[in-house]
Amino acid sequence: MKKFLTILFLLPLLVGCKEEDTLLTERDNIVKYLTSSRRMVAEEDLGSVIEENPAFYSTFGRYAYRHIVNYYDADRENRPIVDWGDRVSIRFNAYVFTGSEPSTSAIYWSNVPEIIEQLGSKSGNTLDWSTEPLHIELGTTPILEGLERSLPGCHEADSVQVYMTSTLAYGKNLVGNVPKKSMIAWYMKIEKVTK
C-alpha cells in the first residue's frame with residue numbers, strides 16, 4: 001500500500017517533467033529555426049552584432065517569438081504603436097509550425113483572400129473562412145496568449161511573424177486541423193491600430 005501511495009504522489013511530478021521537456025524541445029526547435037534558417041539573433045544580443053540592421057527576434061512569456069519584418073522601415077516610428085486596450089485589425093496566415101519554413105499546406109486558418117482562394121482550388125472545396133480583417137481589442141478579445149503578448153510594441157502596417165510553443169497556442173487541445181501539442185506560427189500584417 002505504501003508503494004502504491006508513493007507512485008500516486010510521484011505521478012503528477014513525472015507528468016509535469018514530461019510536459020516541461022516537451023516545452024523546452026519546442027522552444028529549442030523555434031530558436032534553432034530562427035537562428036540557423038533565418039539567421040536572426042535574439043534581441044538582447046543586438047549590441048554584439050557588427051552587421052547593420054540585423055534581423056532579430058524578441059521573446060515573450062513561455063515561449064512566443066516575434067520577428068517584425070519591416071522593423072527598419074524609415075517611416076515606421078511615425079505610425080501608431082499597438083498598446084494594451086487598442087483595437088488592432090490584422091490580415092494573417094496561421095500555420096502549424098514544424099521547425100522549417102511554413103508552407104501553404106501547413107495553413108490551418110487565414111483571412112487573406114488570395115490564400116483562401118488558392119487553398120480552396122487545391123482541395124476542390126470552398127473554404128468558409130472570412131476574408132474580413134480580424135479585429136482584436138488587446139486585453140479584452142479572447143485570443144491565443146502568445147499572439148496577444150506579441151502585439152504590443154508593433155506599429156500599424158508592420159509585417160509580423162509570431163512563433164509559439166504549444167503552451168502559448170492551443171496546448172493539449174485538438175483545434176480544427178491543429179494537432180494536440182503543436183507549435184504554431186502566425187504571419188500577419190497589422191492593417192489598422194485604433195486608440
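Closest of all the heavy-atom pairs between E137 and G85 is CG-O, 3.8 Å. The minimum heavy-atom distance linking L23 with R62 is given by the pair CD2-NH2, 2.6 Å. The two residues N70 and A157 have their closest heavy-atom pair at ND2-O, 3.8 Å. For P133 against S89, the heavy-atom pair with the smallest separation is CB-CB, 4.2 Å. Nearest heavy-atom pair across M183 and G99 is CE-N, 4.3 Å.
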Problem - CA sep, side-chain torsions, deciding dist, call: E114, Q118, side-chain contact (heavy atoms from CB on, under 4.5 Å) - result: CA-CA 6 Å; E114 301 80 22; Q118 180 185 358; over 6 Å; no
Handout entry: Working for side-chain contact (heavy atoms from CB on, under 4.5 Å), residues R87 and H135
Key = CA-CA 7 Å; R87 183 176 167 92; H135 302 289; 3.2 Å; yes
Practice task
Go through the steps for I184 and L144 under the test side-chain contact (heavy atoms from CB on, under 4.5 Å), then give the verdict.
Solution key: CA-CA 11 Å; I184 64 170; L144 298 172; 3.4 Å; yes
Problem - side-chain contact (heavy atoms from CB on, under 4.5 Å) evaluation trace for M188 with L147 - result: CA-CA 10 Å; M188 57 191 161; L147 185 60; 3.3 Å; yes
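Judged by distance alone, with hydrogens and angles left aside, the side-chain atoms of S150 form a donor-acceptor pair with the main-chain N or O of G146 at under 3.5 Å. In this structure a side-chain-to-backbone donor-acceptor pair under 3.5 Å is present from H155 to R79. The closest donor-acceptor contact from the side chain of E156 to the backbone of P80 lies at 3.5 Å or more, if one exists at all. Checked by atom type and distance alone, the side chain of N111 never pairs as donor or acceptor with a backbone atom of S130 at under 3.5 Å.
For the atom pair CG (N53) and CG (D73), the distance works out to 10.5 Å, reported to the nearest 0.5 Å. Separating the NZ atom in K189 from the OG atom in S159 is a distance of 4.0 Å, to the nearest 0.5 Å. In this structure, I143 CD1 and E148 CD are separated by 4.5 Å, a value rounded to the nearest 0.5 Å. Put simply, OG1 on T140 and CG on L138 are 8.5 Å apart, with the number rounded to the nearest 0.5 Å. Here the straight-line distance linking atom CZ of R27 with atom CD of E20 works out to 8.5 Å at 0.5 Å rounding. In this structure, R91 CZ and L134 CG are separated by 10.0 Å, a value rounded to the nearest 0.5 Å.
Counting heavy atoms from C-beta on, the side chains of Y71 and R76 come closer than 4.5 Å. Inter-residue side-chain proximity for E26 and S166 is flagged as met; some heavy-atom pair is nearer than 4.5 Å. V160 is not listed as a side-chain neighbour of H67, based on a closest heavy-atom distance of 4.5 Å or more. Counting heavy atoms from C-beta outward, E101 and R38 have side chains that approach closer than 4.5 Å. Considering only heavy atoms from C-beta on, L24 stays 4.5 Å or farther from T22 through its side chain. Annotation: side chain of Q161 is not in contact with side chain of R66 (no heavy-atom distance under 4.5 Å). By the 4.5 Å heavy-atom criterion applied to side chains, T194 and V88 are not counted as neighbours. In this structure, the side chains of F56 and D45 stay at 4.5 Å or more apart for every pair of heavy atoms.
For the side chain to side chain contact (heavy atoms under 4.5 Å, CB included) criterion with Y65, the lone passing option out of L168, L34, V162 is L34. For the pairing with Y187, the ring-ring contact (aromatic ring centres under 6.0 Å, His included) check across Y95, W109, F92 returns one residue only, Y95.
Atom CD of E117 has 12 or fewer heavy atoms from other residues, nucleotides or ligands within 6.0 Å. Atom CG of D75 has more than 12 neighbouring heavy atoms from other residues, nucleotides or ligands inside a 6.0 Å radius.
For the 3.5 Å distance criterion, the side chains of N93 and S110 qualify, holding a donor opposite an acceptor. A side-chain N or O of E43 and one of S58 form a donor-acceptor pair less than 3.5 Å apart.
Between F97 and Y33, the ring-plane angle classifies as perpendicular under the 30° and 60° cut-offs.
A cation-pi arrangement is absent between R149 and F60 under the rule of less than 6.0 angstrom and at most 45 degrees off the ring axis.
Cluster annotation: I81 is not connected to V69 through the hydrophobic network of ILVMFWY side chains, with a link wherever side-chain heavy atoms come within less than 4.5 Å.
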